[in-house]
Peer 1: 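A single structure is presented below for examination.
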Amino acid sequence: MKYDNTLFCGDNLEVLREHIPDESIDLVYIDPPFFSNRQYAVIWGDEAERRSFEDTWEGGIESYVSFMDPRIRELWRVLKPDGSIFVHCDWHASHQIRTLLDKIFGANRFLNEIIWYYRGGGVSKNYFGRRHDNIYFYAKSDKINFYVDAVRQPYTDADLGWISSGKYKAYRGSKVYEGYKLNPAGKHPDDVWQIQPINPTAKERLGYPTQKPEKLLEIFVKAASKEGDIVLDCFCGCGTTLAVAQKLNRRWIGVDISYTAVELVKERLGKLAVTPRVIGMPTTVDDALRLKPFDFQTWVLKKLHCYASPRKTADFGIDGFTYFKQYPVQIKKSEHIGRNVIDNFLAAIKRQNKTRGVIIGISFGQGAISEVHRLKNCGEGEITLLTLEEVMHDYRIEE
């Protein structure tokens with residue numbers, strides 16, 4: 001496969017159509033947006049930087065279905081004849097997703113609706129507590145590869161509670177109950193799994209708003225693929241599917257439209273001693289300008305070896321700081337930046353008890369350039385102006 005262990009940054013529909021050949025993938029797992037019409041508060045990495053992660057569909061459920069339909073069709077195309085797909089969703093749009101899967105894969109290719117049950121706080125006075133997600137399991141054909149022995153579970157007393165004490169002893173001794181031989185590898189798993197979400201102090205927690213536990217993904221990967229197979233996740237988010245596939249000796253392909261998410265996946269895989277090939281990251285100013293605002297800011301800070309501001313609100317225009325001397329950094333997706341920006345930024349850096357700072361923009365007007373020279377000559381402050389062209393060439397602020 002040409003793109004083994006590759007991360008794509010971009011629209012997954014375009015990536016699938018342009019880069020992934022027909023019938024080349026053994027297993028697909030996707031955890032697409034849930035049509036929840038909400039914004040997630042998200043903490044990114046060590047800087048505890050809070051931003052919004054949008055899951056909003058302005059056109060209603062029809063817009064959501066129109067978004068998912070061509071992507072599921074492409075996933076059907078790239079699956080091998082004996083391949084399968086797991087589609088993770090919740091109550092917001094699970095019925096629409098099931099209808100799409102029936103239409104594209106065929107109702108006769110439906111294998112399971114897996115219920116991921118979890119405990120948690122918070123209930124409504126008006127309805128039962130919502131404590132599960134739905135994962136739909138479909139095959140492309142009747143040649144499905146399913147490795148049940150890889151995911152068998154130990155028998156427990158609860159599983160065998162219907163056995164009387166006398167017959168239970170017989171089970172312990174001979175693994176037989178009334179002519180039924182119990183599998184020494186464990187019981188065949190059911191379609192309801194109780195696995196807790198990642199807790200706030202878990203080692204694997206990355207702060208990504210929809211991060212799923214590795215324990216959950218391990219079952220999918222083990223059950224529907226073998227070592228050396230190719231696993232695809234085209235909504236890969238923080239990369240849980242890819243990390244699990246790597247640990248289980250599968251090949252993988254990941255796609256996400258967010259530059260920030262791809263950077264997070266790179267760091268996660270790096271801890272597994274993996275350096276993925278990355279395709280689609282910004283290589284020109286125009287590429288960078290097409291990024292969403294938060295991704296654009298993250299890209300600039302990464303390129304300049306700076307870190308994000310830990311402040312969540314009232315940051316007075318300070319988006320980050322240089323690593324060594326903690327000079328304030330402001331990032332603006334604007335052209336012909338004027339003197340007023342310089343004046344406001346100078347006030348902001350003085351609140352930080354600093355006399356130096358950096359502003360990044362597309363271009364700067366003569367008024368801003370002249371004011372920067374005046375401030376330096378008068379000893380009032382030293383502000384460095386950087387264009388995106390300079391950022392693209394890996395300008396090092398500290399130097």
Peer 1: Is it true that, when you exclude Trp76 itself, more than 12 heavy atoms of the residues, nucleotides or ligands shown sit nearer than 6.0 Å to its CH2?
Peer 2: no
Peer 1: Taking the six-membered ring for Trp, are Tyr29 and Trp252 ring centroids under 6.0 Å apart?
Peer 2: no
Peer 1: Do the charged groups of Glu214 and Arg268 touch, with an N to O distance under 4.0 Å?
Peer 2: yes
Peer 1: Mind listing the closest non-hydrogen atom pair of Asp287 and Pro282 along with its distance?
Peer 2: CB-CA, 3.6 Å
Peer 1: Should Val87 and Ile85 be marked as a side chain to side chain contact (heavy atoms under 4.5 Å, CB included) after you check the CA-CA gap, both sets of side-chain angles, and the distance that decides it?
Peer 2: CA-CA 6 Å; Val87 181; Ile85 183 172; 3.7 Å; yes
Peer 1: Please lay out, stage by stage, how Ile349 and Arg356 fare under the test side chain to side chain contact (heavy atoms under 4.5 Å, CB included).
Peer 2: CA-CA 7 Å; Ile349 65 177; Arg356 293 186 177 186; 5.8 Å; no
Peer 1: Determine whether Ile144 and Arg109 satisfy the following criterion, side chain to side chain contact (heavy atoms under 4.5 Å, CB included), listing intermediate values before the conclusion.
Peer 2: CA-CA 9 Å; Ile144 176 69; Arg109 299 303 178 210; over 6 Å; no
Peer 1: Is the backbone N or O of Ile230 less than 3.5 Å from a side-chain atom of Arg250, with the two atoms forming a donor-acceptor pair by type?
Peer 2: no
Peer 1: State the CD1-CD1 distance between Ile342 and Ile369, to the nearest 0.5 angstrom.
Peer 2: 9.0 Å
Peer 1: Is Arg119 atom CZ crowded by more than 12 heavy atoms from other residues, nucleotides or ligands, each under 6.0 Å away?
Peer 2: no
Peer 1: Is there a donor-acceptor pair closer than 3.5 Å between any side-chain N or O of Glu227 and the backbone N or O of Asn249?
Peer 2: no
Peer 1: Any idea which heavy atoms bring Cys234 and Asn12 closest together, and the distance?
Peer 2: O-ND2, 2.9 Å
Peer 1: Angle between ring planes, Tyr323 versus Tyr307, binned at 30° and 60°: parallel, tilted or perpendicular?
Peer 2: tilted
Peer 1: Hey, what do you get for CG (Leu264) to OH (Tyr259), rounding to the nearest 0.5 Å?
Peer 2: 11.5 Å
Peer 1: Working to the nearest 0.5 angstrom, can you tell me the gap between Ile331 CD1 and Gln297 CD?
Peer 2: 4.5 Å
Peer 1: Indicate every side-chain donor-acceptor pair of residues 98-107 with a distance under 3.5 Å to a residue at least two apart or in another chain.
Peer 2:
| from | atom 1 | to | atom 2 | distance (Å) |
| --- | --- | --- | --- | --- |
| Arg98 | NE | Tyr138 | OH | 3.0 |
| Thr99 | OG1 | His95 | O | 3.0 |
| Asp102 | OD1 | Tyr138 | OH | 2.5 |
| Lys103 | NZ | Asp69 | OD2 | 3.2 |

Peer 1: Kindly compute the distance separating CD (Glu23) from CG (Asp82), expressed to the nearest 0.5 Å.
Peer 2: 9.5 Å
Peer 1: Which atoms form the tightest heavy-atom contact between Ser124 and Asn126, and what is the distance?
Peer 2: OG-N, 3.0 Å
Peer 1: Return the CZ to CG distance between Arg73 and Leu16, rounded to the nearest 0.5 Å.
Peer 2: 14.0 Å
Peer 1: Charged N to carboxylate O under 4.0 angstrom, Arg71 versus Glu74?
Peer 2: no
Peer 1: With a 4.0 Å cut-off on N to O distance, would you call Lys302 and Glu267 a salt bridge?
Peer 2: yes
Peer 1: Just how far is it from atom OG1 of Thr210 to atom CG of Asp31, taken to the nearest 0.5 Å?
Peer 2: 5.5 Å
Peer 1: Measure across Val262 and Asp256 and return the closest heavy-atom pair with its distance rounded to 0.1 Å.
Peer 2: CG2-O, 3.9 Å
Peer 1: Check Met68 against Phe235 and note the closest heavy-atom contact, atom names and distance.
Peer 2: SD-CZ, 4.2 Å
Peer 1: Assess whether a salt bridge exists between Asp295 and Lys292, defined as any Lys/Arg side-chain N lying under 4.0 Å from an Asp/Glu carboxylate O.
Peer 2: no
Peer 1: State whether Lys80 and Asp26 are salt-bridged, where the test is any N-O pair (Lys NZ or Arg NE/NH1/NH2 against Asp/Glu carboxylate O) under 4.0 Å.
Peer 2: yes
Peer 1: For Lys215, is there an ion pair with Glu218 - N to carboxylate O distance below 4.0 angstrom?
Peer 2: no
Peer 1: Hey, does Trp116 have a side-chain heavy atom less than 4.5 Å from the side chain of His88?
Peer 2: yes
Peer 1: Taking the side chain as every heavy atom from C-beta outward, state whether Val231 and Leu248 have any atom pair closer than 4.5 Å.
Peer 2: no
Peer 1: Assess whether side chain to side chain contact (heavy atoms under 4.5 Å, CB included) is satisfied between Leu232 and Tyr3, documenting all intermediate values.
Peer 2: CA-CA 11 Å; Leu232 168 67; Tyr3 295 113; over 6 Å; no
Peer 1: What I'd like to find out is whether the side chain of Ile195 reaches to under 4.5 Å of the side chain of Tyr118, using heavy atoms alone.
Peer 2: no
Peer 1: Report the relative orientation of the aromatic rings in Phe146 and His188; use parallel for angles under 30°, tilted for 30 to 60°, perpendicular for over 60°.
Peer 2: tilted
Peer 1: Would you name the heavy atoms of Val341 and Lys332 that are closest together and state the gap between them?
Peer 2: CG1-CD, 3.7 Å
